[in-house]
Peer 1: 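If you scroll down you'll find the structure; I have some questions about it.
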Amino acid sequence: MKVAKDLVAASATPMVLGILTEGESYGYAILRRINELSGGELSWTEGLLYPLLHRLERLGHVESSWQSVTGERKRKYYRITDLGRAELAEQRRQWDTVVGALKEIWHDRAPLTVNPLEGLA
């Protein structure tokens with residue numbers, strides 16, 4: 001299953017901020033965590049993540065610093081700020097509203113199935 005781009009875009013900020021509440025992290029580790037949390041359904045690229053991290057940094061939602069790990073190259077680590085935590089709380093409130101509405105719409109309804117050959121006979 002491929003998740004639609006607009007859904008990925010809408011969920012990107014709260015996902016990254018939520019991951020950073022677990023502790024500071026660097027780009028590749030964030031990408032791995034998103035893949036892990038989604039059971040492999042979300043496979044983000046660096047082209048999606050890094051512009052988002054830079055925007056979050058400009059907004060003051062995250063801070064970054066370069067850190068060296070022995071035997072490895074320097075990595076830019078990101079950490080959530082108090083402003084970022086406030087933004088995440090607001091994003092969560094909004095997502096809770098959306099998810100709650102969807103659950104109400106879908107409650108007690110049979111799963112939708114599509115037969116691509118239906119109507120072709």
Peer 1: Taking the side chain as every heavy atom from C-beta outward, state whether K2 and E41 have any pair of such atoms under 4.5 Å apart.
Peer 2: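 Side-chain contact under 4.5 Å: no.
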Peer 1: Going by side chain to side chain donor-acceptor pair (under 3.5 Å), name the pairs with one or both residues in residues 27-37, residues two or more places apart or in two chains.
Peer 2: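 Every pair satisfying side chain to side chain donor-acceptor pair (under 3.5 Å) with a residue in residues 27-37: E22-R33, R33-E36.
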Peer 1: Roughly how far, to the nearest 0.5 Å, is OH of Y26 from CG of L31?
Peer 2: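 If I round to the nearest 0.5 Å, the distance is 10.5 Å.
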Peer 1: For a 4.5 angstrom cut-off between non-hydrogen side-chain atoms, does T13 reach R55?
Peer 2: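 T13 vs R55: side chains touch.
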Peer 1: Of all the heavy-atom pairs spanning M15 and L42, show the shortest one and how long it is.
Peer 2: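 Of all heavy-atom pairs spanning M15 and L42, the closest is CE-CD1, 3.7 Å.
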Peer 1: Contact between Y78 and I19 at the side-chain level, heavy atoms closer than 4.5 Å - yes or no?
Peer 2: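 Sidechains of I19 and Y78: no contact.
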Peer 1: Have R79 and S64 got a donor and an acceptor in their side chains that come within less than 3.5 Å?
Peer 2: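 Side chains of R79 and S64: no pair found under 3.5 Å.
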Peer 1: Report yes or no: does H54 contribute a side-chain atom to a donor-acceptor pair with the main-chain N or O of Y50 at less than 3.5 Å?
Peer 2: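 Yes; at least one donor-acceptor contact below 3.5 Å.
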Peer 1: Kindly work out whether a path of hydrophobic side-chain contacts (I/L/V/M/F/W/Y, heavy atoms less than 4.5 Å apart) joins L7 to L37.
Peer 2: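 Linked within one cluster.
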Peer 1: Counting only heavy atoms from other residues, nucleotides and ligands, does the tally under 6.0 Å from CG of D82 exceed 12?
Peer 2: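 Atom CG in D82 is not packed in, count stays at 12 or less.
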Peer 1: What's the spacing between S25 OG and R75 CZ if we round to 0.5 Å?
Peer 2: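 S25 OG to R75 CZ: 9.0 Å, rounded to 0.5 Å.
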Peer 1: Specify the closest pair of heavy atoms between E63 and E57, including all atoms of both residues, with the distance to one decimal.
Peer 2: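 Answer, listing the atom of E63 first, then E57: C-OE2, 4.2 Å.
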Peer 1: Considering only heavy atoms from C-beta outward, does the side chain of D96 approach that of R92 to under 4.5 Å?
Peer 2: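 In contact.
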Peer 1: Within a strict 4.5 Å, meaning less than it, do heavy atoms of the I80 and E24 side chains meet?
Peer 2: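 No; the side chains remain at least 4.5 Å from each other.
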Peer 1: Mind checking whether T21 and R85 have side chains closer than 4.5 Å, heavy atoms only?
Peer 2: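 Contact flag for T21/R85 side chains = yes.
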Peer 1: Could you check whether any side-chain heavy atom of V8 comes within less than 4.5 Å of a side-chain heavy atom of K5, counting everything from C-beta outward?
Peer 2: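 V8 vs K5: side chains apart.
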Peer 1: Same cluster or not: are L48 and L17 linked, directly or through other Ile, Leu, Val, Met, Phe, Trp or Tyr residues, by side-chain heavy atoms under 4.5 angstrom apart?
Peer 2: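 Shared cluster, yes.
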Peer 1: Shortest non-hydrogen contact from W95 to P14?
Peer 2: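 Shortest heavy-atom separation between W95 and P14 comes out as NE1-CG, 3.5 Å.
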Peer 1: Are Y77 and L52 connected in the hydrophobic side-chain network, where two residues link if heavy atoms are under 4.5 Å apart?
Peer 2: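 Looking at the clustering, L52 is in a separate group from Y77.
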Peer 1: Among I30, L56, T81, which residue satisfies the side-chain contact (heavy atoms from CB on, under 4.5 Å) criterion with L20?
Peer 2: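 Option passing the side-chain contact (heavy atoms from CB on, under 4.5 Å) with L20: I30.
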Peer 1: When clusters are formed by joining ILVMFWY residues with side-chain heavy atoms under 4.5 Å apart, either directly or through shared neighbours, do W66 and L49 land in the same one?
Peer 2: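 Not linked; separate clusters.
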